[in-house]
Student: 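If you scroll down you'll find the structure; I have some questions about it.
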Amino acid sequence: MIRTRFAPSPTGYLHVGGLRTALYSYLFAKKQKGKFLVRIEDTDRERLVADGTLNILQSLDWAGIVQDEGVCLAKDKNQIDQKGDRGPYIQSERLSIYRKYAEELLQKKAAYYCFCMPERLEELRDQQTKNKMPTGYDQHCLKTIPPEEAQKRVKAGERHVVRLAMPKIGETVFFDLIRGEVRIKNELVDDQILIKSDGFPTYHLAVVVDDHTMEISHVIRGEEWISSTPKHLQLYLNFGWKPPEFAHLPLLLNTDKSKLSKRQGDVAVVDYQKKGYLPEALVNFVAFLGWNPGGEQEIFGLDELIKAFSLEKVGKGGSVFNIEKLDWFNKEYLKRLDPAALLKRAWPWLVEAKLIDEKKLEDKKYSDWLARVLMLERERVTTLSELPAAIRFIFSVPDYPVEMLVWKKGTREEVKKVIPDLLAYLETLKDIDWHTKTLEDNIKTWIEANSFQVGSVLWPFRVALSGLEKSPGPFEIAAVLGKAEVVTRLKAAIHKVI
Ligand code: GLU
């Protein structure tokens, strides 16, 4: 059975890199009818962010990545829950488990107690740096303190940590599913702290114990963990466990090829959510950061991603986070929303902008109309958050200067004649003709019959209806506004120009 996991540390909000790791782990498992689980790695107590876990879970939920097992959102989506029978899935709730395994390592002499004070370690590091040597613990306590004496000192309450006794000869070789064979010299691998002086395990012990006890078959994670893999493999060896397969994903880069960071823009998924990106667009975009199925197709829904995904098609090099591409995906997905779906997605932004009254959504006639209004701008905006400002002119005409009514090849005198004529003509139209297509056909015929220039009519018509230099076309706006409002707006324009 394929079992993958996403194991974030709640030291911040879910960022796009984390979303990609979660997504690839999810896709890989789902493609092979396996299970995907979420584990929270909160052993670094100093860097915890209070609402980090909740944010991570909510962002995954928003993205449509559903865990089969592990830490998840409770029904109300505002609390944390867990599901599955290999839990608990939050590391701070598993401390006794790690203690037990650390004991086992101590007994096997695969780990040892270390009593070195921070000052000594600092001095050691300074010396090593000065002598241009690799930094790392020098095994002082392993070499100088016999295990029985160390036991006694621990019993007497002396401050200590537990370290991995890493063999310093030879090299660790493993096969990475993305990079192929990886070789790392063991002399470069530190005697990692496994249990800290506060009794908490470090990530390195916890990750191995958990991946084993939770029966993880494939570890898919960021490239930054490659250099830790020899430590993990050493632990698997010491415990006598079969290690999982590893796949280390390439870095995400800024456009200047530096490592993706907050400094160059937003990295948290929730920031993109708040800006009005659609989850399916962000997911599709993130899927392509490092993976490419080959071929022309770029739009992939989650189900299609599951079918198409494979680790062989993940590149080794870093991939650039290009916001313009994300914008392109978002526009593509906006285009695919029907009026009702668009209204549903846009609703929170409309309410927040106080453009409409939340209670009115229940009124079918009103919501159908509002959906048509949104359709006017669907292909003109990049994100949902731009919609309130974009449709504001439908609710009230901005105060525009009279010159705006004059077409670039026309005159004010012409406007004075054209608008009243057009108004008189529109008043003769029947209500059943009040649709984009019929309005367009009728008005264009009328323009021709009167030998007007098209622009000299349609430009002031559009400006009178929108009050804007740029807007959707006049027929679409007129159809949505309805006859009475169009008449009012044309009268206001006449008033302005005369
Ligand atoms: N807790 C680690 C992180 O947040 C997970 C690394 C791993 O997947 O092994 O990056």
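For ligands, and for the atoms within them, numbers begin at 1 and follow the listed sequence.
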Student: Would you mind listing which atoms of ligand 1 come within a distance below 4.0 Å of any non-hydrogen atom of S9?
Tutor: 1 (N), 2 (C), 3 (C), 4 (O)
Student: If every non-hydrogen atom of A308 is compared with every non-hydrogen atom of W291, which pair is closest and at what distance?
Tutor: O-CZ2, 3.6 Å
Student: Which residue owns the protein heavy atom closest to atom 10 (O) of ligand 1, what's the atom, and how far is it?
Tutor: W225 NE1, 3.2 Å
Student: Tell me, which protein residue and heavy-atom name are nearest atom 5 (C) of ligand 1, and how many Å apart are they?
Tutor: A7 O, 3.1 Å
Student: Could you check whether Y101 and W241 have their ring centres less than 6.0 Å apart?
Tutor: yes
Student: When rounded to the nearest 0.5 angstrom, what is the spacing between CD in E69 and CD in Q82?
Tutor: 11.0 Å
Student: Show the numbers, then the answer: is there a side chain to side chain donor-acceptor pair (under 3.5 Å) between Y98 and R94?
Tutor: CA-CA 7 Å; Y98 308 126; R94 299 170 61 80; 3.3 Å; yes
Student: Output the list of atoms in ligand 1 that are nearer than 4.0 Å to some heavy atom of V207, sorted by atom number.
Tutor: 9 (O)
Student: Counting non-hydrogen protein atoms only, what is the nearest one to atom 1 (N) of ligand 1? Give residue, atom name and distance.
Tutor: E41 OE1, 2.6 Å
Student: In this structure, is the centre-to-centre distance between the rings of F321 and F285 below 6.0 Å?
Tutor: yes
Student: Please work out, at 4.0 Å between heavy atoms, whether the side chain, the backbone, both, or neither of Y203 comes within that distance of ligand 1.
Tutor: side chain
Student: Has R5 got any heavy atom lying under 4.0 angstrom from an atom of ligand 1?
Tutor: yes
Student: For the atom pair CD (E358) and CH2 (W347), what is the distance rounded to the nearest 0.5 Å?
Tutor: 7.0 Å
